[in-house]
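Here the structure is a predicted model, which is why all the values come from computation and not from measurement. Sequential numbering from 1 along the given sequence is applied to the chain's residues.
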Amino acid sequence: MALAAWWSLARNIENSPVVSADFGAAAGGPSESRRLADADLPRAETRSKSVRAASIASGLAAAGEPRAKTVAMPGSERGLREKYLALEAAEPGYLAAHSQEWLGSPRPSAEKVAWLQALHKTDAVALLPWLEFTCRTHDPATSQGVSPAAFAADFLGKLAPGDATSKAALGHMAFDKDAVDVDLRRRAASTFAALADGLDLQTLAQALLYESDEALRAGVVVSLEARSEPETQLARDRLLAWLRPGSAAFLARQEDEIR
């Protein structure tokens, strides 16, 4: 691109009136117009070389420079996250120390989601209790359509396969009828059932004794039926033998609606 720009500029200069002045001279000597053009030619060549050099240097510099990073808009989720990361960088431990103040106050939902994201990047150990805490809040959804509680629940679900503590937190959340939204409880119960080991399945069976939400119980059935590992087969089969009859009618209705 730099050479193309240089070539365009060079062609323009070569075809300019100064360089293409009248070279038709009468026999015996140059015309006045040619004499003037010749007198001015060195300066034109100097200008041409200068333009070429500047153009090439500019093109090479642009080619060697990294692309500028996009700047986060102030107040955007990304902008907020960067702001909180800067606070943590200036004072390590700041986010964990102020999480109660931030997540438990009537702040905008976008600020709470960005706070959790920043805390995850800087102190994953401190993050877990605040994810559990946020699952029990009832703030509205952000402009992205996700409430802080839903964001926290989804985050726990992503952490749970590789972290027993996060999996246990999902189990607690799934059966906290007083504080957690029922839709989040259903999702948490299904995820917990999909990951539960033998001991977890016993805990799940005990919790389901006091659970009346049909959708939650049916979600557990679907998750358990999708599993096939042998080490939990006996515990799964026992739990499914108890759950299936009560969930059969609900699941049949769901299938009819899908059709």
Student: Given E214 and R253, is the side chain to side chain contact (heavy atoms under 4.5 Å, CB included) satisfied, shown in steps?
Tutor: CA-CA 12 Å; E214 284 188 298; R253 291 197 303 271; 3.4 Å; yes

Student: Check whether any side-chain heavy atom of L95 sits under 4.5 Å from a side-chain heavy atom of D123, and report yes or no.
Tutor: no

Student: In Å, rounded to the nearest 0.5 Å, how long is the span from CG of L170 to OG1 of T191?
Tutor: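 Answer rounded to 0.5 Å: 6.0 Å.
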
Student: State, to 0.1 Å, how close L159 and S166 come at their nearest heavy-atom pair, and which atoms those are.
Tutor: CB-OG, 3.5 Å

Student: Which is it for L208 and L216 under the side chain to side chain contact (heavy atoms under 4.5 Å, CB included) test, yes or no, and what are the steps along the way?
Tutor: CA-CA 9 Å; L208 288 169; L216 186 149; 3.9 Å; yes

Student: Checking D176 side chain against M173 main chain: does a donor-acceptor pair fall under 3.5 Å?
Tutor: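 Between the backbone of M173 and the side chain of D176 there is no qualifying donor-acceptor contact (under 3.5 Å).
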
Student: Using the side chain to side chain contact (heavy atoms under 4.5 Å, CB included) criterion, which residues pair with K177? Sequence neighbours excluded.
Tutor: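 Scan of K177 (side chain to side chain contact (heavy atoms under 4.5 Å, CB included), adjacent residues dropped) gives R185, E211.
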
Student: Give, for atom CG of D183 and atom CG of D181, the distance between the pair rounded to the nearest 0.5 Å.
Tutor: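 If we round to the nearest 0.5 Å, D183:CG and D181:CG are 5.0 Å apart.
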
Student: Determine the minimum heavy-atom distance between L195 and P161, stating which atoms define it.
Tutor: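 Result for this residue pair: CD1-N, 3.9 Å.
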
Student: Listing request: all salt bridge (Lys or Arg N to Asp or Glu O under 4.0 Å) pairs with a residue in residues 221-233, at least two apart in sequence or in separate chains.
Tutor: E225-R244, R227-E229, E229-R236

Student: Taking a hydrophobic cluster as the set of Ile, Leu, Val, Met, Phe, Trp and Tyr residues connected by side-chain heavy atoms closer than 4.5 Å, whether directly or through intermediates, do V221 and L204 fall within one such cluster?
Tutor: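 Linked within one cluster.
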
Student: Looking at A179, is its backbone amide N or carbonyl O close enough to the side chain of H138 to form a donor-acceptor pair, meaning the two atoms are under 3.5 Å apart?
Tutor: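 Yes; judged by distance alone, with no hydrogens or angles, the pair exists.
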
Student: Could you check whether the rings of H98 and Y94 sit parallel, tilted or perpendicular, using 30° and 60° as the cut-offs?
Tutor: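 Plane angle under 30°, so parallel.
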
Student: Rounded to the nearest 0.5 Å, what separation is found between the OG1 atom of T232 and the CG atom of D197?
Tutor: 8.5 Å

Student: Atom OG in S223, atom CG in L240: separation rounded to 0.5 Å?
Tutor: 10.0 Å

Student: Count I, L, V, M, F, W, Y as connected when their side-chain heavy atoms are under 4.5 Å apart, and connections chain through other members. Are L234 and L239 then in the same cluster?
Tutor: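 Hydrophobic grouping puts L234 apart from L239.
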
Student: Could you please spell out the steps behind the side chain to side chain contact (heavy atoms under 4.5 Å, CB included) verdict for T203 and Q206?
Tutor: CA-CA 5 Å; T203 302; Q206 290 296 316; 5.8 Å; no

Student: Is a side-chain donor or acceptor of T137 paired with a backbone partner of F133 at a separation under 3.5 angstrom?
Tutor: no

Student: Quick one: do L80 and L85 end up in the same hydrophobic cluster if we chain Ile, Leu, Val, Met, Phe, Trp and Tyr together by side-chain heavy atoms under 4.5 Å apart?
Tutor: no

Student: Would you check if the side chain of R136 reaches a backbone N or O of E132 as a donor-acceptor pair within less than 3.5 Å?
Tutor: yes

Student: Could you work out, with side chain to side chain contact (heavy atoms under 4.5 Å, CB included) as the rule, every residue matching A215, not counting sequence neighbours?
Tutor: R186, D213, F250

Student: Determine yes or no for a side-chain-to-main-chain donor-acceptor pair under 3.5 angstrom, with E88 supplying the side chain and G93 the backbone.
Tutor: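 Yes, E88 side chain to G93 backbone: donor-acceptor pair under 3.5 Å.
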
Student: Determine whether F155 and L116 make a side-chain contact, defined as any pair of heavy atoms from C-beta on separated by less than 4.5 Å.
Tutor: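 Answer no - side chains too far apart.
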
Student: What is the minimum heavy-atom distance between A126 and L119, and which atoms define it?
Tutor: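 So the minimum-distance heavy-atom pair works out to O-CD2, 4.1 Å.
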
Student: What is the distance from atom CG of D200 to atom NZ of K167, rounded to the nearest 0.5 Å?
Tutor: 4.0 Å

Student: Grab the two heavy atoms, one from A152 and one from L131, that are nearest each other, plus how far apart they are.
Tutor: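 Taking A152 first and L131 second, the nearest heavy atoms are CB-O, 3.4 Å.
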
Student: Could you tell me the separation between the CG atom of L127 and the OG atom of S99, rounded to the nearest 0.5 Å?
Tutor: 8.5 Å

Student: What about L184 and L128, same hydrophobic cluster or not, with Ile/Leu/Val/Met/Phe/Trp/Tyr joined at side-chain heavy-atom distances under 4.5 Å?
Tutor: yes

Student: Are K121 and E82 within salt-bridge range, i.e. N to O under 4.0 Å?
Tutor: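 Result for this pair is no, no salt bridge flagged.
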
Student: Tell me, do W115 and R107 make a side-chain contact under 4.5 Å, heavy atoms counted?
Tutor: no

Student: Could you go through residues 141-151 and list every donor-acceptor pair under 3.5 Å that involves a side-chain atom there, pairing it with any protein atom two or more places apart or in another chain?
Tutor:
{"from": "T142", "atom 1": "OG1", "to": "Q144", "atom 2": "N", "distance (Å)": "3.1"}
{"from": "T142", "atom 1": "OG1", "to": "V146", "atom 2": "O", "distance (Å)": "3.3"}
{"from": "S147", "atom 1": "OG", "to": "A150", "atom 2": "N", "distance (Å)": "3.1"}

Student: Same cluster or not: are V222 and L224 linked, directly or through other Ile, Leu, Val, Met, Phe, Trp or Tyr residues, by side-chain heavy atoms under 4.5 angstrom apart?
Tutor: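 Same cluster: V222 reaches L224 through Ile, Leu, Val, Met, Phe, Trp or Tyr contacts under 4.5 Å.
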
Student: I would like to know whether Y84 and Q117 meet side chain to side chain contact (heavy atoms under 4.5 Å, CB included); could you show each step before the answer?
Tutor: CA-CA 9 Å; Y84 303 150; Q117 291 173 334; over 6 Å; no

Student: Which pairs, with at least one residue in residues 140-163 and sequence neighbours excluded, count as a salt bridge (Lys or Arg N to Asp or Glu O under 4.0 Å)?
Tutor: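 Applying salt bridge (Lys or Arg N to Asp or Glu O under 4.0 Å) to every pair that reaches into residues 140-163, excluding sequence neighbours, yields D154-R187.
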
Student: Compare every heavy atom of A169 with every heavy atom of L156, then report the nearest pair and how far apart it is.
Tutor: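 In terms of heavy atoms, the two residues are closest at CD2-CB, 4.1 Å.
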
Student: Provide the full list of ring-ring contact (aromatic ring centres under 6.0 Å, His included) pairs with a residue in residues 186-243, sequence neighbours left out, each pair given once.
Tutor: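 Pairs touching residues 186-243 that pass the test: none.
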
Student: Flag the pair S109 / K112 as yes when at least one side-chain heavy-atom distance between them is below 4.5 Å, and no otherwise.
Tutor: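 No. Closest side-chain heavy atoms not under 4.5 Å.
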
